[in-house]
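Take a look at the structure below.
Order of appearance sets the numbers: ligands from 1, and atoms from 1 within every ligand.
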Amino acid sequence: MISRRPLIAGNWKMYTTIPEATSLAASLADKLSGVMDRDIAVAPPFTVLSAVGKVLSGSNIWLSAQNVCWEEKGAYTGEISPVMLKETGCRVVIVGHSERRHIFHESNALINKRLMGALQYGLVPIFCIGETLAEREKNLTFTVLEKQAQEGLSGVALSDPAGLVVAYEPVWAIGTGKTATEKQAEEVHAFVRGLLDRLFTKDIASHIRILYGGSVNPKNVDVLMAQENVDGVLVGGASLTAESFVRIVRYQ
Ligand code: PGA
């Protein structure tokens with residue numbers, strides 16, 4: 001069995017003011033300082049990246065952004081460049097989150113540009129894919145994921161599997177309290193690994209981390225993490241308090 005280093009990532013979405021964010025980050029840095037056998041990341045909003053970056057500097061928690069533009073600079077009102085993110089201490093960035101796809105209508109083509117920009121400037125993208133409830137009910141889950149992966153990863157040449165993380169986040173499970181069962185998650189993760197296998201090489205695909213996201217909490221994390229192809233979790237709501245995120249990072 002191939003061992004992939006687990007990655008537990010918290011997506012703070014549009015939550016946390018500067019005092020809230022720095023205090024949460026300080027508490028996580030303190031409580032998680034001894035965790036050495038897994039990777040940990042948090043993705044605060046843009047406005048607090050610098051402040052959180054300072055708090056986390058020297059810690060074992062990676063700083064992540066929630067989105068990224070593909071250009072270094074230019075006339076892109078409302079966007080943030082990969083170089084600007086790196087300046088705050090970011091090494092990871094979420095790309096293609098379902099809220100970007102569904103609320104802000106980001107297409108696979110746009111997400112692909114963002115992902116390429118991240119890679120070009122040495123940020124590790126957490127590339128999110130996932131089907132809606134209507135698509136699942138019409139048995140379109142695999143078709144949708146295949147299209148998202150093919151178009152989102154188009155033109156990506158990967159020599160190091162640590163340079164890309166994929167997150168499977170069924171839209172119907174995000175923020176709803178409905179989690180995919182561990183069986184549903186494993187079934188899709190194995191399918192996604194097969195997709196990566198076709199897009200890259202078997203060796204690269206077998207080492208790329210595939211995270212599960214969607215209502216992950218301290219109660220369901222252990223069983224999800226026990227699945228062969230679940231290599232980590234992307235956590236929204238339950239990453240906003242130190243107590244629950246620490247327990248998730250310390251899954252057994
Ligand atoms: P949730 O969000 O854990 O609150 O469902 C997950 C995500 O959106 O990444």
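- Close contacts between ligand 1 and Ser215 involve ligand atoms 1 (P), 3 (O), 5 (O) [criterion: under 4.0 Å to a heavy atom].
- Checked by distance only, ligand 1 and Gly237 come closer than 3.5 Å through their nitrogen or oxygen atoms.
- Counting heavy-atom neighbours within 6.0 Å of Met36 CE, excluding the residue itself, gives a total above 12.
- Looking at ligand 1, you'll find an N or O of Glu169 within less than 3.5 Å of one of its N or O atoms.
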Dump the intermediate steps for side-chain contact (heavy atoms from CB on, under 4.5 Å) on Gln252 and Arg247, then the final yes or no.
CA-CA 9 Å; Gln252 290 136 15; Arg247 171 59 184 85; 4.0 Å; yes

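- For ligand 1 and Gly214, the ligand atoms under 4.0 Å from any heavy atom of the residue are 5 (O).
- For ligand 1, the atoms closer than 4.0 angstrom to any heavy atom of Leu234 are 9 (O).
- Remark: Glu146 engages Arg198 in a salt bridge, criterion side-chain N to carboxylate O under 4.0 Å.
- A perpendicular orientation is assigned to the rings of His189 and Tyr168, their planes being inclined by more than 60° (bins at 30° and 60°).
- The closest approach between Ser98 and ligand 1 stays at or above 4.0 Å for every heavy atom of the residue.
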Would you please test Ser154 and Asn112 for side chain to side chain donor-acceptor pair (under 3.5 Å) and show each step?
CA-CA 7 Å; Ser154 161; Asn112 177 249; 4.8 Å; no

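- Summarising the contacts of atom 3 (O) of ligand 1 with Gly213, Gly236, Ala238, the nearest heavy atom is found in Gly236.
- The distance from ligand 1 to the heavy atoms of His97 drops below 4.0 Å at these ligand atoms: 7 (C), 8 (O), 9 (O).
- Val156 has its side chain out of reach of Leu199: every pair of non-hydrogen atoms, C-beta onward, lies at least 4.5 Å apart.
- Counting heavy atoms closer than 4.0 Å to ligand 1, residue Ala173 contributes backbone atoms (N, CA, C, O) but none from C-beta onward.
- No side-chain N or O of Gln148 forms a donor-acceptor pair with one of Asn108 less than 3.5 Å apart.
- The ligand atoms of ligand 1 that sit less than 4.0 angstrom from a heavy atom of Gly175 are 1 (P), 4 (O), 5 (O).
- Atoms of ligand 1 found under 4.0 Å from any heavy atom of Lys13 (numbered from 1 in listed order, with element): 2 (O), 7 (C), 8 (O).
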Evaluate Arg114 against Glu79 for salt bridge (charged side-chain N to carboxylate O under 4.0 Å, His left out), listing each step before the verdict.
CA-CA 11 Å; Arg114 295 190 184 283; Glu79 291 288 323; 2.7 Å; yes

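- Looking at Asn11 against ligand 1, only its side chain comes within 4.0 Å, counting heavy atoms.
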